[in-house]
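Notes follow once the structure below has been shown.
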Amino acid sequence: MNKVYNDAVASLNGILFNGMTIMAGGFGLCGIPENLIVALRDSGTTNITAISNNAGVDDFGLGLLLQTRQIKKMVSSYVGENKEFERQYLAEELELEFNPQGTLAERIRAGGAGIPGFYTKTGVGTLVAEGKEHKEFDSEVHIMETGLKADVSLVKAWKADTEGNLIFRKTGRNFNPMMATAGKITVAEVEELVEKGELDPDQIHTPGIFIQRIIVSKGLEKRIEQLTTRQKNSEGN
Amino acid sequence: MNKVYNDAVASLNGILFNGMTIMAGGFGLCGIPENLIVALRDSGTTNITAISNNAGVDDFGLGLLLQTRQIKKMVSSYVGENKEFERQYLAEELELEFNPQGTLAERIRAGGAGIPGFYTKTGVGTLVAEGKEHKEFDSEVHIMETGLKADVSLVKAWKADTEGNLIFRKTGRNFNPMMATAGKITVAEVEELVEKGELDPDQIHTPGIFIQRIIVSKGLEKRIEQLTTRQKNSEGN
Amino acid sequence: MAWTREDMARRAAQELRNGYYVNLGIGIPTLVANFIPDGVDVTLQSENGMLGMGPFPYEGEADPDLINAGKQTITELNRTSYFSSADSFAMIRGGHIDLSILGAMQVSEKGDLANWMIPGKMVKGMGGAMDLVAGVKKVVVIMDHNARDGSAKFIKECTLPLTGVNVVDMIISDVGVFLITDDGATLIELAPNISISDVQERTEANFKIDKQLL
Amino acid sequence: MAWTREDMARRAAQELRNGYYVNLGIGIPTLVANFIPDGVDVTLQSENGMLGMGPFPYEGEADPDLINAGKQTITELNRTSYFSSADSFAMIRGGHIDLSILGAMQVSEKGDLANWMIPGKMVKGMGGAMDLVAGVKKVVVIMDHNARDGSAKFIKECTLPLTGVNVVDMIISDVGVFLITDDGATLIELAPNISISDVQERTEANFKIDKQLL
């Protein structure tokens, strides 16, 4: 079973359709599948429901799909970095469902793990709880949240082997591992592809069972959103 | 904050009490906290509720605590390897709650993750479902299972640093990572202790926040339950 | 001539497809690994936390940290990954395993399975069986067609406590192969020298007969 | 003389205890890291998937794969570990983080918090704030005591959409420090040259006054 595709366009061939639900990994612009997002834009797929913690910036990440109006609805926890997003939302051209970040992460994990619903304290008494089932455990009120799945998940890893075993790097990991489990089909964009047996089996973050297709990134930008530094010999941060 | 204790007895000092709930990691005799189990036996703590996938064998693992009648109740998925267990259970000297193995693993993860309840298809229509809340998702019936916590979790890892960051080895991992998160206090028994900074931060399985006390194993037996081998130059398994 | 254990395992191996992720139960299902057809590449999952299970180790090379769900010492392959029990059953419950092959005490004509408990006898526990049958995409049972006392194991309604309801997709017994769908059970293959009436005599469940057998 | 941002951060740092695992919000709470008392060893969590957050990198050494929850480039320490967002919020929701310090638009006298949304304005999202206040053992708010228009932010009932109900344990504002328990709010410290009546004038919430201030 060859899982390795030549490029992002080839890796999305035959699995996209208008009105589909996509998950895209990343936190801000960190750990996003850059090549796959561009290929998704170029595919012209429309009416996408995009599940992603953030919405990219105007000209990068999922922002590219907002520019072209391919996204119908976002399911996110924070979208503060994107002016075009704001414009479309205020003009009611875009639907938006906010989830608390931990609830979003857990809903995606649940979707991949065959858990259709779970209870959490997060959001009790807030707008997030409206319309949701409430239940007491140990005399504390909790709300029920549901699992999330996607037609296709697009994830970004550091290394993969040809089996689709993945290793992530630093905070580039973020939402990618759960999304890999919650896609009916998951495509992984990676910086380095190695042969089977080159990854330590104790150190694999995402087993290959969750990955159907793999590409190696070309021309990764890895843009930094907020470059914060300190001077050598200075104190504090 | 020094988390490192000299030996198993010292590491359990002050945290044990009669009637307590203990989680003990391991699958069969693989990845069990050998030294900690012996120290728990020697503490004389009684009326223990033990949450552990298995019950050890007669003279090893949790079987040691059955011999001394310190366990009041087991929460497990499979206990087939232990004659003394069978005797006590048939004589109604021991309570037993069977959980499907995946449900047990998920209940422990949920306990550590602040999820007091979740829904699963596992066990629907079986004895396991009796008395549990049923709910339909996508016209499929699911049952609600609850999170599990322990007063003290005893886990076994391969390596730790002095912060309590843990790495497990091969199938010795099993229930240990979730149990580490579900104990009010978690004590880790490890084969090797290294200084801070010696473990790759991308490769830590259990972050130190979950570990309050650490010991290095002495005289580990690592008993094999079913030694199965093949001859060199033979075919098949 | 009814099928042997090896015959049943060989027949079950024909259900494997290239690229499948497969969980094999203890007993006869374990033998299926010996009959994987040439050109079919499958990855074996062991529910205690491993994908890519290899054969038994050579003598003297067993590793106590490396066992399968039957607690036997095994080896790793160059595709192997390890994970926790929670992640393992998330994989199983989430529908990521393609095929599970396991044993049975009873199967009903609707695909109910009983394979963990006989009331009055010591109960060892269900282990991961309930999770596997609830979560895996396709569930194949390998079993002797009749119990030692000759009683039917493929029956109208299970009398033993269930492992799962409406979960079995195929039965491979020593007399033949049955498919079970929402439309009921169908006998689709016969072991050599076993007749349809032999099977009917030895079965309590209702089943149709595939037209290729008529 | 009311406290400055740095004064508030320094006061908040006194809530740190040796061995604490701490999550610091964006803005003034971030400054708390600069005032950790000598001999107090704390580990900072960043909810995007990191324990053991280090300072900003030296110029030229920023790593795009290493950012905090405010999307700023940071560094790792020799205690650092990385994990997924699901594991990060399992840690938060499960009550494993000792202390969270964050900003607020409004706090009620019962400890309700509003800090994510102003109706009629563009809503950026709650990010991880609802999870943090629901899960972390102790929640400390640092905020200006009054809004720019002079209106009270510590009030009887929040008028803005809530982030959490009954979640705030302590408020550190530019005029002083309040404890909030099930018995209500208590003013326990005053900024220099701020009188109790100053605070009363600038506060809508009911609060008791600690006897040491009388």
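Just so we're on the same page: letters track the sequence lines, and every chain starts at 1.
Under a cutoff of 6.0 Å and an axis angle of 45°, A:Lys232 and D:Tyr58 form a cation-pi pair.
Rounded to the nearest 0.5 angstrom, A:Thr126 OG1 and D:Leu113 CG are separated by 11.0 Å. For the atom pair NZ of D:Lys71 and CD of A:Gln226, the computed distance is 8.5 Å after rounding to the nearest 0.5 Å. The CD atom of A:Glu86 sits 11.0 Å away from atom NZ of D:Lys121, with the distance rounded to the nearest 0.5 Å. Taken to the nearest 0.5 Å, the CE atom of D:Met53 stands 11.0 Å off from the OG1 atom of A:Thr171. Residue D:Glu47 holds its CD atom at 12.0 Å from CG of A:Asn174, rounded to the nearest 0.5 Å.
Looking at D:Lys124, its side chain never comes within 3.5 Å of a backbone N or O of A:Val79 through a donor-acceptor pair. With D:Arg93 contributing its side chain and A:Thr120 its backbone, the two residues share no donor-acceptor pair below 3.5 Å.
Options A:Pro177, A:Ser77, A:Gly123 differ in how many heavy-atom pairs under 4.5 Å they form with chain D, and the most are formed by A:Ser77. Options D:Thr80, D:Val123, D:Leu31 differ in how many heavy-atom pairs under 4.5 Å they form with chain A, and the most are formed by D:Val123. Of the listed residues (D:Pro57, D:Ala86, D:Ala134), the greatest number of heavy-atom pairs within a distance under 4.5 Å of chain A belongs to D:Pro57. Options D:Ser84, D:Gly164, D:Gly128, D:Gly49 differ in how many heavy-atom pairs under 4.5 Å they form with chain A, and the most are formed by D:Ser84. Counting heavy-atom pairs closer than 4.5 Å to chain D, the top-ranked of the candidates A:Ala55, A:Ser76, A:Gly80 is A:Gly80. Listed options A:Ala129, A:Ala105, A:Gly28, A:Gly172 were ranked by heavy-atom pairs under 4.5 angstrom with chain D; first place goes to A:Ala105. Contact tally against chain D (heavy-atom pairs below 4.5 Å) for A:Arg109, A:His205, A:Glu106, A:Arg107: the top residue is A:Glu106. Your options are D:Asp112, D:Asn48, D:Val165, and the one with the most heavy-atom pairs under 4.5 Å with chain A is D:Asn48. Contacts with chain D were tallied for A:Arg223, A:Lys222, A:Arg173; A:Arg173 has the most, counting heavy-atom pairs under 4.5 Å. Heavy-atom pairs under 4.5 Å with chain D peak, among A:Leu29, A:Asn53, A:Asn99, at A:Asn99.
Heavy atoms closer than 4.5 Å to chain D are found in the side chain of A:Asn54, but not in its backbone. A:Glu221 does not touch chain D: none of its heavy atoms, backbone or side chain, sits under 4.5 Å away. Only the side chain of A:Ile224 comes within contact range of chain D, with at least one heavy atom under 4.5 Å from a heavy atom of that chain. Proximity to chain A (any heavy atom under 4.5 Å) is shown, for D:Ser81, by neither the backbone nor the side chain. Heavy-atom distances place no part of D:Ala90 under 4.5 Å from chain A, backbone and side chain included. The contact between A:Val124 and chain D is made entirely by backbone atoms, counting heavy-atom distances below 4.5 Å. For chain D, no part of A:Phe168 is nearby; none of its heavy atoms comes within less than 4.5 Å. Proximity to chain A is limited to the side chain of D:Pro161, based on heavy atoms less than 4.5 angstrom apart.
Side chains of D:Phe56 and A:Leu227 form no contact here, defined as non-hydrogen atoms less than 4.5 Å apart. D:Glu76 has its side chain within reach of A:Lys170: a pair of non-hydrogen atoms, C-beta onward, lies under 4.5 Å apart. At a threshold of 4.5 Å between non-hydrogen side-chain atoms, the residues A:Gln101 and D:Phe89 count as touching. Put simply, the side chain of A:Tyr78 does not reach to within 4.5 Å of the side chain of D:Met126, judged on heavy atoms. Contact check for D:Ser85 versus A:Met178: side-chain heavy atoms found under the 4.5 Å cut-off. Annotation: side chain of A:Phe85 is in contact with side chain of D:Met122 (closest heavy-atom distance under 4.5 Å). The shortest distance between side-chain heavy atoms of A:Thr103 and D:Asp131 falls below 4.5 Å.
Of residues 59-68 of chain D, those residues lying under 4.5 Å from chain A by any heavy-atom pair are D:Glu59, D:Glu61, D:Ala62, D:Asp63, D:Pro64, D:Asp65, D:Leu66, D:Ile67, D:Asn68.
For CG of D:Asp149, the number of neighbouring non-hydrogen atoms (other residues, nucleotides, ligands) closer than 6.0 Å is greater than 12. Counting heavy atoms of neighbouring residues, nucleotides and ligands inside a 6.0 Å radius, atom OH of A:Tyr89 does not exceed 12 of them. With a 6.0 Å radius and a threshold of 12 heavy atoms from other residues, nucleotides or ligands, A:Lys83 has its NZ atom at or below the threshold. For D:Asn18, the CG atom sits in a packed shell: over 12 heavy atoms of surrounding residues, nucleotides or ligands are nearer than 6.0 Å.
For the salt bridge (Lys or Arg N to Asp or Glu O under 4.0 Å) test, residues two or more places apart in sequence or in another chain that qualify with A:Glu84 are A:Arg87.
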